[in-house]
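These notes are about the structure you will find just below.
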Amino acid sequence: AIAGTAYLAYGVYELRHPEEQFEPDPSKKNLVILGTGWGAVSLLKKLDTENYNVIVISPRNYFLFTPLLPSCTTGTVEHRSIMEPIRSITRHKKAAVKFYEAEATKIDAERKVITIDDNSDIKGASQKTDVSYDMLVVSVGAENATFGIPGVKEHSCFLKEIGDAQQIRKKIMDCVETATFKDQSPEEVQRLLHMVVVGGGPTGVEFAGELQDFFDQDIKKWIPEISDKFRVTLIEALPNVLPMFSKQLIDYTESTFKEEKITIMTKTAVKKVTDKTVEAEATGPDGKKTMEIMPYGLLVWATGNAVRPVVKDLMSQIPAQKDSRRGLAVNEYLVVQGTKDIWATGDCAVAGYAPTAQVASQEGAFLARLFNTMAKTDAIESEIRVLSEGLNVKPGNAAEVSSSIAAHEKQLRRIKDIKPFHYTHQGSLAYIGSERAVADVSWLNGNFATGGGLTYLFWRSAYLSMCFSTRNRVLVVLDWLKSKAFGRDVSR
Ligand code: NAD
């Protein structure tokens, strides 16, 4: 039994540690992938790394399963459960992949060089360097849109990265503890317990739902004295929330929020933020505009995406990108317009689709197929070249060589016929709180719009199946069971 266990442990160890280290092969092209998000990781998963010197660069050395990020803000799911180290992804590849934890600060499209900055906290260790590429995939995503509204950057929390979710979790409990502090004034209690979410897209809606759950299911039980003072307000500039969902599901979400006592303010655009207040312009049914000033304790800003500076700079170098505003305009093969050797996927690319995880991961998988095929065609073309040269030198077995060339050419035509990228929308899902979810799903050529408790179970199983690894899946299920059995952790 001991020998068996030792053998098993050794097997697991072997699986977890690649024997081969990255060694660039001068005969292969350098394929540089910027990012470790949905686009980059789905490309890496399907890419045959033996064909290129693959180098991945990202300031984040893990993949983050973003659909469950709102659950991390309240501790329904712990953050490590939705992170997967990039090295655990690359270790399964046939040929080793190089990873640099660094931010790409400049892409020089002319010289084919990327400047990277290892933003290390270790004093004296941080450094800048250059990496050159033959082929480049830009999958760096986007940053949070603030539309230049004063005070947003300084005073609000965003919800894009793990650090954001941790900051929100701390801030919620800070507001609660400060509100219950000895001799706190009633106005201050009211302000501290007012949680404002700006942006009625899926991020804002899911977060508002999770936050109200946290309060109803846990905080209220531990600290009953604040039970009638905790308020969540969702502010949206458009006439309704979740514009990508059908009317029926929008109505269902709005009525569920009403039951949960979340206030939705639609046709209300935030214009200014200070450390304690949100100033918003509300448009009434008669078209009359009024200014509302709302004191808040926690402010979460979820108004969508903006272009990252490194992408903006790259766009400014390429004349064909002059009219593109929302990111790198790409063609039907995801090649950045105006370039031959740069591709883009996900939220930094403009391909005519919404900036979702689903689009990015399909684009990444498409690029993997494209690059695998390109490597195969290169190999066949060079074989044809060798055969043709042989034919000129030794004309003796001409018939045999010619038929071999013809066979290769036929194979080449078949492979080269790779179809342009085509997105298949599988549906939209969103959690709306109190164990209910909404789903607009395309299935068996039909569209289904459902909302409620059963949809919540569907939402849970769909997200679980989409988790990156079995390890992630196990951790998420354990987190769900743990928060159900013991309640969410209210420590800061
Ligand atoms: P979003 O772009 O979908 O929504 C942002 C909302 O903020 C908009 O409705 C906009 O009208 C509003 N807004 C902008 N400025 C405002 C202001 N000053 N005051 C008030 N409201 C303002 O953003 P998101 O929710 O972060 O989503 C980004 C992308 O990711 C979308 O494509 C979305 O579909 C996708 N996503 C999907 C899911 C899911 O399917 N469950 C979850 C998260 C994100």
Side-chain angles (χ1 to χ4, degrees), residues 37-39 64-73 82 141-153 156-161 164-165 196-210 233-246 249-250 253 264-273 278-283 289 291-292 294 296 299-307 326-327 346-361 423 425-433 437-442 451 455-456 458-460 462-463 466:
W38 284 96
L64 174 63
F65 185 71
T66 47
L68 286 177
L69 193 59
S71 303
C72 281
T73 60
I82 56 167
E143 58 179 32
N144 296 291
T146 63
F147 308 103
I149 296 171
V152 174
K153 275 210 171 87
S156 47
C157 299
F158 297 110
L159 189 45
K160 215 176 219 339
E161 301 289 346
D164 300 334
V196 175
V197 184
V198 184
T203 308
V205 166
E206 290 190 315
F207 171 67
E210 293 274 359
T233 302
L234 178 70
I235 305 179
E236 167 56 53
L238 298 174
N240 56 263
V241 297
L242 295 181
M244 64 290 293
F245 283 84
S246 57
L249 292 181
I250 291 171
T253 305
I264 301 185
M265 297 174 70
T266 50
K267 293 194 187 166
T268 307
V270 173
K271 299 283 181 194
K272 190 180 165 190
V273 169
V278 172
E279 296 178 23
E281 188 184 71
T283 311
K289 293 191 188 321
M291 265 327 250
E292 304 241 3
M294 290 164 269
Y296 71 84
L299 174 64
V300 172
W301 192 265
T303 63
N305 293 339
V307 184
R326 284 180 298 112
D347 292 2
C348 63
V350 178
Y353 309 104
T356 66
Q358 217 178 126
V359 170
S361 71
Y423 169 64
H425 184 63
Q426 279 156 358
S428 307
L429 276 170
Y431 180 62
I432 57 170
V438 287
D440 257 330
V441 203
S442 322
T455 313
Y456 168 64
F458 174 66
W459 173 86
R460 277 202 157 179
Y463 276 18
M466 281 154 59

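Each ligand, and each atom within it, is numbered from 1 in the order the structure gives. On a predicted model such as this, the values are computed, not experimentally measured, just so you know.
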Say whether, by atom type as modelled, one donor and one acceptor occur between the side chain of [X] and the main chain of [Y] under 3.5 angstrom.
X      : Y      : result
Glu206 : Tyr431 : yes
Trp301 : Gly199 : no
Thr73  : Ser71  : no
Thr266 : Asn240 : no
Asn144 : Lys160 : no

Within the protein, residues bringing a heavy atom under 4.0 Å of ligand 1, chain by chain:
Phe147, Ile149, Val198, Gly199, Gly200, Gly201, Pro202, Thr203, Glu206, Ile235, Glu236, Ala237, Leu238, Met244, Thr268, Ala269, Val270, Ala302, Thr303, Gly304, Pro355, Thr356, Leu429, Tyr463
Which atom pairs, one a donor and one an acceptor, fall under 3.5 Å between side chains of residues 348-361 and the rest of the protein, sequence neighbours left out?
residue	atom	partner	partner atom	Å
Thr356	OG1	Val359	N	3.2
Gln358	OE1	Tyr423	OH	3.3
Gln358	OE1	Gln426	N	2.7
Gln358	NE2	Gly427	O	2.9
Ser361	OG	Ala357	O	3.4
Ser361	OG	Gln358	O	3.3

